[in-house]
K.L.:
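There's a structure below that I have some questions on.
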Amino acid sequence: MAIPFSQGMLDVGSGHRLYYAEFGTPGAPAAVVLHGGPGSSCNNAMLEWFDLARHRVVLFDQRGCGRSIPKGRLACNTTQDLIQDIERLRRHLGISTWLVVGGSWGALLGLLYAGTHPASVHGMVLRGVFLPRDEQLNWFFQDLKALVPVAWRHLTADMISSESVAVLPTLSDRLLRGTPAIASDTAMRWGRYEDAVMAAMLGRQSSPDGPLQAGQLEKYRVQAHYLSRACFVTERDFYLALQRIAVVPVFVHGTHDWICPPRNVVRLMESLPQADVRWVARGTHTTADPMIRDALRLAVKDHEHAQ
C-alpha cells in the first residue's frame, strides 16, 4: 500500500477544510486527481494509473466529501468553490503546473478548472466525461430503465406517477428536505441503483439488498445538491470555459458506457476538435473495468513520454 509523503487539511474558507495527500516522488511532474460523484472521494486505487517513480500525485477530497470536513456540508459548496479549491491547493503545495486527471464528474470539473485557470494546467487525461445537461440526467434517471428495469423499479417503488416521471427532483427533495428516515432510505435506494447499473454494464450480478453504508447519506445529499442545480453551471459558461482551455485534452471513453453515454464526447468534440479521443471498444464507465483502467494508464504514460 502506497504511503503519502505529505498529507494535511487545507482551510479553504467558509468553514470548509480539505483533506489532501501526496504520493510518489517529490520534485517529479505533478498530477492531481479529481474524484467523481459529486459526493464521492479519492482512494489509493487511483494511484495505479501512475508510475509513482516518475510522478508526484495529489489526491484530495472535495468539499463535504470523504475525509474533508465538515462531512456532507452543503453551504458554500458549489462548482465555482471547487474550482477555486483546486487552484488554492496547487498554490499551497508550491506546484507550478500539473496534469489534471479525472473521471465522470471529476472530468467535467477538470474541464471547468482548465478553462478557468489555463496557465496552471500542462495536460489533461479525462475518463467517462459527465455533462451537466438535462439530456444526461434524464438518460440516467429515466431512460436507463430500458436497460435495468428491475433496478429502476426498486428505485421508484414507492413513487406515485408524477414522481416517477421526475425521478431526480423526487430523490433530491427527499434527500435534502425529507425526514432523516426518508433521506436515509433514499440514499440507500440511489446507491443500490448505481450499483446495479455498474454491475449490469460489467455483466455481473448485483445484490438488491444491503444496509446503508457509512458515508452514503452524505454522499448522495451532496450529489442531489449538485445535480438538482445543474451542477451550478450554465450552458454558456461551460462552453466559454472549453474555449479557454490551453492544452489538448485526452478523452478515454468506453463505447458501452451507460452512465455517461459516448455522445457526451461527440458533443465535446464540437468545441474541442483537437482533442485526443481514445474510444475503448466495449469499455464501460468505471476503472473497475480492466479495459478502461488500462486505457487510462496508457494515456497517462503517453503524456509523461510526450513531456
Side-chain angles (χ1 to χ4, degrees), residues 12-14 16 18 32-40 60-65 68 73-91 97-141 168-169 172 176 221-251 253 259-277:
V12 292
S14 304
H16 286 277
L18 304 187
V32 62
V33 179
L34 306 182
H35 68 69
S40 298
F60 79 99
D61 292 334
Q62 296 159 25
R63 292 191 183 205
C65 299
S68 293
R73 186 169 189 251
L74 306 181
C76 301
N77 193 340
T78 70
T79 302
Q80 290 71 36
D81 292 318
L82 302 188
I83 290 168
Q84 296 312 314
D85 289 348
I86 301 168
E87 185 65 2
R88 288 188 187 99
L89 181 58
R90 182 189 67 80
R91 292 175 179 172
T97 64
W98 49 14
L99 171 68
V100 174
V101 180
S104 198
W105 155 252
L108 169 64
L109 185 59
L111 289 169
L112 293 167
Y113 170 70
T116 306
H117 298 283
S120 301
V121 178
H122 67 247
M124 305 178 72
V125 176
L126 307 175
R127 181 265 309 166
V129 185
F130 168 81
L131 295 183
R133 303 166 61 103
D134 288 343
E135 183 180 26
Q136 160 88 79
L137 298 174
N138 288 337
W139 160 256
F140 184 76
F141 290 102
L168 176 58
S172 298
L176 301 176
R221 277 177 50 81
V222 170
Q223 196 157 148
H225 171 69
Y226 273 81
L227 299 189
S228 64
R229 294 167 175 81
C231 297
F232 305 94
V233 181
T234 67
E235 194 92 352
R236 179 178 181 275
D237 288 344
F238 178 54
Y239 285 104
L240 284 175
L242 294 183
Q243 292 171 22
R244 292 191 293 264
I245 291 174
V247 297
V248 176
V250 178
F251 294 124
H253 210 104
I259 307 292
C260 296
R263 65 187 173 200
N264 287 5
V265 174
V266 175
R267 295 261 166 76
L268 285 170
M269 289 168 64
E270 296 171 2
S271 298
L272 298 167
Q274 76 279 19
D276 177 0
V277 179

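The basis for the numbers below is simple: all heavy atoms, side chains too, and nothing from hydrogens, waters or symmetry mates.
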K.L.:
Report yes if some heavy atom in the side chain of Cys231 is under 4.5 Å from a heavy atom in the side chain of Phe130; otherwise report no.
P.N.:
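Side chain of Cys231 against side chain of Phe130, heavy atoms only: contact under 4.5 Å found.
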K.L.:
Could you pull out all residues at least two apart from His35 that satisfy ring-ring contact (aromatic ring centres under 6.0 Å, His included)?
P.N.:
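His35 satisfies ring-ring contact (aromatic ring centres under 6.0 Å, His included) with no residue once adjacent residues are dropped.
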K.L.:
Donor-acceptor pair, distance only, cut-off 3.5 Å: does the side chain of Asp81 make one with the backbone of Thr78?
P.N.:
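Yes, Asp81 side chain to Thr78 backbone: donor-acceptor pair under 3.5 Å.
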K.L.:
Looking at every non-hydrogen atom in both residues, tell me the closest pair between Leu34 and Val100 and how far apart they are.
P.N.:
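Answer, listing the atom of Leu34 first, then Val100: CD1-CG1, 3.8 Å.
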K.L.:
Is a donor on one side and an acceptor on the other found under 3.5 Å between the side chain of Asp237 and the backbone of Val233?
P.N.:
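Answer holds: no.
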K.L.:
Side-chain contact, heavy-atom cut-off 4.5 Å: Leu82 with Tyr113?
P.N.:
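Counting from C-beta outward, Leu82 and Tyr113 never come under 4.5 Å.
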K.L.:
Under the side chain to side chain donor-acceptor pair (under 3.5 Å) test against Asp85, which residue among Arg63, Gln62, His16 passes?
P.N.:
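Single pass found, and it is Arg63.
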K.L.:
Using the side-chain contact (heavy atoms from CB on, under 4.5 Å) rule, take Phe251 and Leu272 through it: C-alpha gap first, then chi angles, then the decisive distance, then the call.
P.N.:
CA-CA 11 Å; Phe251 294 124; Leu272 298 167; 4.0 Å; yes
K.L.:
Are any of the side-chain heavy atoms of Leu108 and Phe238 separated by less than 4.5 Å?
P.N.:
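Yes, close enough: below the 4.5 Å cut-off.
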K.L.:
Report the distance from atom CZ of Phe140 to atom SG of Cys260, rounding to the nearest 0.5 Å.
P.N.:
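With rounding to 0.5 Å, CZ (Phe140) is 9.0 Å from SG (Cys260).
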K.L.:
Could you tell me which residues satisfy side chain to side chain donor-acceptor pair (under 3.5 Å) with Arg90, sequence neighbours excluded, listed by chain and number?
P.N.:
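Partners of Arg90 under the side chain to side chain donor-acceptor pair (under 3.5 Å) test: Glu87, Ser120.
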K.L.:
In Å, rounded to the nearest 0.5 Å, how long is the span from CZ of Phe60 to CZ of Arg88?
P.N.:
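Between Phe60 CZ and Arg88 CZ, I get 11.5 Å after rounding to 0.5 Å.
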K.L.:
Would you mind reporting whether Arg267 and Gln136 have side-chain heavy atoms less than 4.5 Å apart?
P.N.:
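Side chain of Gln136 against side chain of Arg267, heavy atoms only: no contact under 4.5 Å found.
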K.L.:
Consider side-chain contact (heavy atoms from CB on, under 4.5 Å). Of Arg229, Gln223, Arg221, which one does His225 pass it with?
P.N.:
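By the side-chain contact (heavy atoms from CB on, under 4.5 Å) criterion, His225 pairs with just one of Arg229, Gln223, Arg221: Arg229.
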K.L.:
Considering non-hydrogen atoms only, spot the tightest contact between Cys65 and Val222 and give its length.
P.N.:
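Shortest heavy-atom contact: SG-CG1, 4.4 Å.
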K.L.:
Say you draw a straight line from OG of Ser104 to CG of Leu126; how long is it, rounded to the nearest 0.5 Å?
P.N.:
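CG of Leu126 is found 11.0 Å from OG of Ser104.
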K.L.:
Do Leu240 and Arg236 have side-chain heavy atoms sitting under 4.5 Å apart?
P.N.:
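They are in side-chain contact.
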K.L.:
Over all heavy atoms of both residues, which pair between Asp61 and Leu18 is shortest? Give the atoms and the distance, please.
P.N.:
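Result for this residue pair: O-CD2, 3.7 Å.
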K.L.:
Out of curiosity, Thr79 OG1 to Leu109 CG, how far, rounded to the nearest 0.5 Å?
P.N.:
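Output value for this atom pair is 7.0 Å.
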K.L.:
Report yes if some heavy atom in the side chain of Val277 is under 4.5 Å from a heavy atom in the side chain of Leu268; otherwise report no.
P.N.:
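Result no, sub-4.5 Å side-chain heavy-atom pair not found.
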K.L.:
Shortest non-hydrogen contact from Ala224 to Ser228?
P.N.:
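So the two residues come closest at O-OG, 2.6 Å.
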K.L.:
Taking ring-ring contact (aromatic ring centres under 6.0 Å, His included) as the definition, give me every residue that meets it alongside His122, ordered by chain and number, with sequence neighbours left out.
P.N.:
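Checked His122 against ring-ring contact (aromatic ring centres under 6.0 Å, His included); matches are His303.
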K.L.:
Tell me, do Val101 and Arg127 make a side-chain contact under 4.5 Å, heavy atoms counted?
P.N.:
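No; the side chains remain at least 4.5 Å from each other.
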K.L.:
Answer whether the closest heavy-atom distance between the side chains of Leu112 and Phe232 falls below 4.5 Å.
P.N.:
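No, side chains not in contact.
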K.L.:
Verify side-chain contact (heavy atoms from CB on, under 4.5 Å) between Val12 and Gln84, making sure each step is shown before the conclusion.
P.N.:
CA-CA 9 Å; Val12 292; Gln84 296 312 314; over 6 Å; no
K.L.:
Considering all heavy atoms of both residues, which atom of Val248 and which atom of Ala275 are nearest to each other, and what is their separation?
P.N.:
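Shortest heavy-atom separation between Val248 and Ala275 comes out as CG1-CA, 4.1 Å.
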K.L.:
Of the non-hydrogen atoms in Tyr239 and Ser271, which two are nearest, and what is the gap between them?
P.N.:
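So the minimum-distance heavy-atom pair works out to CD2-OG, 3.1 Å.
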